[in-house]
Protein chains: 2
Amino acid sequence: MSTSVPPAYHHGDLRHALVEAGLELLASGGAESLGLREVARAVGVSASAPYRHFENRQALLAAIAREGFLRFDAVLRAAGEGIAPAQRLQTIGRAYIGFAFDNPQLFRLMFSPEVSKDANPALMEAARLAYQSLTNLAAAEGLPGRETAVSTWALVHGLSVLLLDDQIRLGGIEDREALIGRVLGQFVAGLRALAAH
Amino acid sequence: MSTSVPPAYHHGDLRHALVEAGLELLASGGAESLGLREVARAVGVSASAPYRHFENRQALLAAIAREGFLRFDAVLRAAGEGIAPAQRLQTIGRAYIGFAFDNPQLFRLMFSPEVSKDANPALMEAARLAYQSLTNLAAAEGLPGRETAVSTWALVHGLSVLLLDDQIRLGGIEDREALIGRVLGQFVAGLRALAAH
DNA sequence: ACCTGAACACCGTTCAAGT
DNA sequence: ACCTGAACACCGTTCAAGT
């Protein structure tokens, strides 16, 4: 569903248009690997035009992934708003996995080895921003901050990846949401049992 | 470090030689994406020769990933052997993350969207085999099997991916091993606190 | 300042032909 | 039965040239 505004990228925002086109290509699902020429074509520009705005294909993919993290952050932040602390971990955890399932290709790109976060501070920063929603939870639970933050994050991320990859076999009766609920439920119960020592 | 045996693949095991060469290319680190021609070149065979043994590049990558899972399985199984049940989760968890760090490129390929497990039963099967070491742990802990198995697996996998991606910022004093130890330690403590209800 | 067009080296894949 | 060699359409990237 591309908007039908006139090609404003001739006036200076080709960079933005390329990122937007990349996101749309990922959302429309067909694109497996997302090529530079493919994105240029979608915008209606020559194959070499992107090089005015991105050093190479990797840099373009990184910019798209960065935008993905910004959206990810917005989703996680919105999910936590107005939720009682006691339910926040489960709620944000569900939103995390929900984002992965709503945007599978984008989520995969965000964690793809094709875009190295180490080589791209802007991308790393956007990723960190998104993770704050999760890492902040630890304090709210009144638990040893560091371990709890890392394990919550790792649990939810691992769950997303394994479910997306269809690696966790769901039993016949059981659905995904129910499994997520029970796993997160057991996890917070464990944390609370520890806190009550 | 390629072995210097004569080219036996002219006698029928080119398939095996290609997989082996792929594993070596991944281990020697340089290869980011691992191409079909690249692997063929490493074996000393024409670019089209692999098509006698693999339908396409994806199938070759899947076979390499499958071999990765078999090695992964061997490492996890060996790690659990002769370890007291009480320490088994931590020990195998450490071995899981250890494998990821010893074989980063291979580990990434094993979980790459470039090789779809859904489309490849042999690969999926090898992956499941490797995971049994982890999922079997739940029973040993005497806990609700399903949730514990899934969350252990998700935690350890998420931790591997986030650490590999350099996403978890390690404090100045803290080293990776210590963090892993504390995270896994807190996790099993939580499980046990629950079990003791 | 920003984009096009042609060119380069490379890739995955196909297919006729060799042994 | 298994492999080669040439060919195809395609890709990322560079660079001179256009406006």
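Convention: sequence-line order gives letters A, B, ...; per-chain numbering from 1. Any value given below was found using the heavy atoms of this structure, including those in side chains, with hydrogens, waters and symmetry copies removed. Just so it is clear, the model here is predicted, and its values are computed rather than measured.
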What does the 5'-to-3' dot-bracket notation of DNA chain D look like when only Watson-Crick and G-U wobble pairs under 3.5 Å count, and pairs to other strands show as |?
||.|||||...|||||.||

With the criterion being N/O to N/O and under 3.5 Å, what pairs connect the protein with nucleotides 5-8 of chain D, and how long is each?
residue: D:dG5; atom: O6; partner: B:Ser48; partner atom: OG; Å: 2.5

For residues 61-72 of chain B, please give each side-chain donor-acceptor pair under 3.5 Å, one per line with the distance, not counting sequence neighbours.
residue: B:Arg71; atom: NH2; partner: B:Glu20; partner atom: OE2; Å: 3.3

Any side-chain N or O of B:Arg41 below 4.0 angstrom from OP1/OP2 of C:dC10?
no

[N] [atom2] sits how many Å from [X] [atom1], rounded?
X       : N      : atom1 : atom2 : value
B:Asn56 : C:dG12 : CG    : C1'   : 9 Å
A:Arg15 : C:dA1  : CZ    : P     : 18 Å
B:Leu61 : C:dG12 : CG    : P     : 9 Å
B:Arg57 : C:dT13 : CZ    : P     : 8 Å
B:Leu36 : D:dC11 : CG    : P     : 18 Å
A:Asp13 : C:dC2  : CG    : C1'   : 13 Å
B:Glu38 : D:dC11 : CD    : C1'   : 16 Å

Can you see which heavy atom on [X] is nearest to which on [Y], and at what distance?
X        : Y        : result
A:Glu147 : B:Gln186 : CB-OE1, 3.8 Å
B:Met124 : B:Asp118 : CE-OD1, 4.3 Å
A:Val43  : A:Ala21  : CG2-CB, 3.5 Å
B:Gly22  : B:Val39  : N-CG1, 4.2 Å

Table of protein N/O atoms under 3.5 Å from nucleotides 17-19 of chain D N/O atoms:
none

Where does the angle between the aromatic ring planes of A:His157 and A:Tyr96 fall among parallel (under 30°), tilted (30 to 60°) and perpendicular (over 60°)?
perpendicular

Report the residues that fulfil side-chain contact (heavy atoms from CB on, under 4.5 Å) with A:Glu177, sequence neighbours left out, ordered by chain and then residue number.
A:Arg94, A:Asp175

Applying side-chain contact (heavy atoms from CB on, under 4.5 Å), can you list everything that pairs with A:Ala47, at least two apart in sequence or on another chain?
A:Arg37

Taking the six-membered ring of A:Phe101 as reference, does the NZ or CZ atom of A:Arg176 fall below 6.0 Å from its centre and within a 45° cone about the axis?
yes

Hey, are A:Asp165 and B:Lys117 close enough for a salt bridge, meaning a charged N less than 4.0 Å from a carboxylate O?
yes

Would you indicate which nucleotide in C:dT13, D:dT13, D:dT4 comes nearest to any side-chain atom of B:Val45?
D:dT4

Can you confirm whether B:Tyr131 sits close enough to A:Gln167 that some side-chain heavy atom of one is under 4.5 Å from a side-chain heavy atom of the other?
yes

So which one's nearest nucleotide on DNA chain D is more toward 5', B:His53 or A:Tyr51?
B:His53

